Amino acid sequence: MSNKFYITTTLPYINSEPHIGFAAEIIKADVIARYHRFLGKEVIFNTGTDEHGLKIHRKAQEKGLDTQVFCDQMSQSFKDLKELLNLSYDRFIRTTDKNHVEAAQKFWQICADNGDIYKKKYAVKYCVGCELEKTESELEDDRCPLHPNLELEIIEEENYFFRWSKYQDKLEAFYSKNSGFVQPGFRFNEIKSFVKSGLRDFSISRLREKMPWGVPVPGDNSQVMYVWFDALINYISTLGWPESQEFKDFWPGLQVAGKDNLKQQSAMWQAMLMSSGLKPSDKVLIFGFLTNEGQKISKSLGNSIDLKELISKYGSEAIRYYLLSAISTYNDGDFSESRLKEVYNADLANGLGNLSARLANLIEKEELSLKLEFNPKAEITLNFKRLMDEYKLQEAINFLWQEVDKINEYLSREAPWKETDKEKKALILKTAAIQLVNISDLISIFLPETGKKLFSQFKAEKIKKAESLFPRL
RNA sequence: CGCGGGGUAGAGCAGUUGGCAGCUCGCCAGGCCCAUAACCUGGAGGUCGCAGGUUCGAGUCCUGCCCCCGCAACCA
């Protein structure tokens, strides 16, 4: 197995502030990255911001800002998540970065040289909301059914197209050879049937005079790249492609995305990689969406969750725990503040928090000297790995909490506070502490701060009661 | 016949290859008294959406049907 591991999130489009859904995605990616570091691998974990396109340009204009200034501000807001959510990414690429722009142009050139980019004159109705041209069959009453409030724009111009259709067979062959390529399985089925139903070449450029905010098409000053074409390339430009050892060492990698990105990640991008002669991605994980208190998250409903406020209220560890353990990794889930509190009290305060206080207190009174070490061969670790290797994050974290329960059960059963034999008492406490130490290191994959605290508390020569890990709410 | 997800205890959800229906919260009754009013044990509460089929055996596989929700702006 390679000692190098590369993982990347999708790049969020920066026309609004980061929200809970993206937080869920990047936290899951963070857990996977930490897991691979835990396995001793050298990891690159990439995220960043997608900054081109008409919507962003217009948004900046609305605010009376220079587009780059607007992008700088929004991008910073996403960068802030690193501290706020305790993320461990080590790359943050912006699609307006110079090296990305150059890589996108190089990539384009290679696809063009391979005959996969051609110019076509066409007149089409274009929906600004989708950033997509619409065919007649997609329209209802001459309006985009997805954005009925927006007037369609008629685009009559010569644009560049990518020969997606050429890759249909290759994609299908690739899918059938790589049975776990997209996870979960039902998403894989979805994309397979989509590709099977036929691919149509898609437009990958816009006239610069109409849409100035994009990567210039090499050799044609009148056109800029369509936002999706350039954005996908970030997954390799961040590794220094085309000229870098790092790219050779780390590509291909694991990509994670929300379910709205299924086509782009697992079919469009893979075809683009095939065209440029690069290896397809290693794997694509597709996560579900969140609702807020049972309702679809939307600004018009005024129910978008203020992520920063939430974090300052409950702390990143609680948010991480909730998103990872109480919400399905791959299915849609619901975010509810009352549920968050419930889970916090049950699992963090009464569960892990109380247990660590309970055990530390018992040991402190006995003045034991334990000097415990994490044991990577413990059965717990092996069972845990089995789940993590299949990216069953929710099952893995819940498995750890079952182990927390077992320690509580063990203590109640053995009742060391009643034991009069000093040696027996010490053995009971040591047994419990060893289990907790083993779990702590695994917990730090999900809750880095908590893991660190537990580890330093229970690895110390003199275990002492510390400040409450998770005070009850 | 557009694509997809879902309908399992009062609420929220798990159920991998078909093998005695589970978890968390809440509720009831005990226990413990080391710990954060915590922890442990037991209990009540389900015709697993409906109707068929395959099977020794179906929440799980097959067929049909009913209902809910995404695939609309913002957005993963």
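In what follows, chains carry the letters A, B, and so on, assigned in the order in which the sequence lines appear, proteins first and then strands, with residues in each chain numbered from 1. Owing to the predicted nature of the structure, the values given are computational and were not obtained by experimental measurement.
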(message) Taking any heavy-atom pair under 4.0 Å as a contact, classify I327(A): base, sugar-phosphate, or nothing.
(response) nothing

| query | At under 4.0 Å between heavy atoms, what does F194(A) touch on the DNA or RNA strands: base, sugar-phosphate, or nothing? | reply | nothing

Open item on the list: Could you check whether E409(A) pairs with K406(A) (Lys NZ or Arg NE/NH1/NH2 to Asp/Glu carboxylate O, under 4.0 Å)?
Closed with: no

Taking any heavy-atom pair under 4.0 Å as a contact, classify A346(A): base, sugar-phosphate, or nothing.
sugar-phosphate

- Task: Determine the contact category for K392(A): base if any of its heavy atoms lies under 4.0 Å from a base atom, sugar-phosphate if only primed atoms, P, OP1 or OP2 are that close, otherwise nothing.
- Result: nothing

To the nearest angstrom, the CG-C1' distance between D334(A) and A11(B) comes to 12 Å

*Select base, sugar-phosphate, or nothing to describe what S328(A) touches, counting heavy atoms under 4.0 Å on all strands.*
sugar-phosphate

For this session: Give one of base, sugar-phosphate or nothing for D332(A), where a contact means two heavy atoms less than 4.0 Å apart.
Result: nothing

Using a 4.0 Å heavy-atom cut-off across all strands, classify F287(A) as base, sugar-phosphate, or nothing.
nothing

Salt bridge (charged side-chain N to carboxylate O under 4.0 Å, His left out) with R94(A): of D50(A), D230(A), D72(A), only one passes, and it is D72(A)

Closest to the side chain of P12(A), out of A76(B), C25(B), G4(B), is A76(B)

Legend entry - Any N398(A) side-chain N or O less than 4.0 Å from OP1/OP2 of A14(B): no

Note to self: Using atom P in both nucleotides, what's the gap between C71(B) and C62(B) to the nearest angstrom?
What the structure shows: 27 Å

Worksheet item: Base, sugar-phosphate, or nothing: which does R187(A) touch, judged by heavy atoms less than 4.0 Å apart?
Response: sugar-phosphate

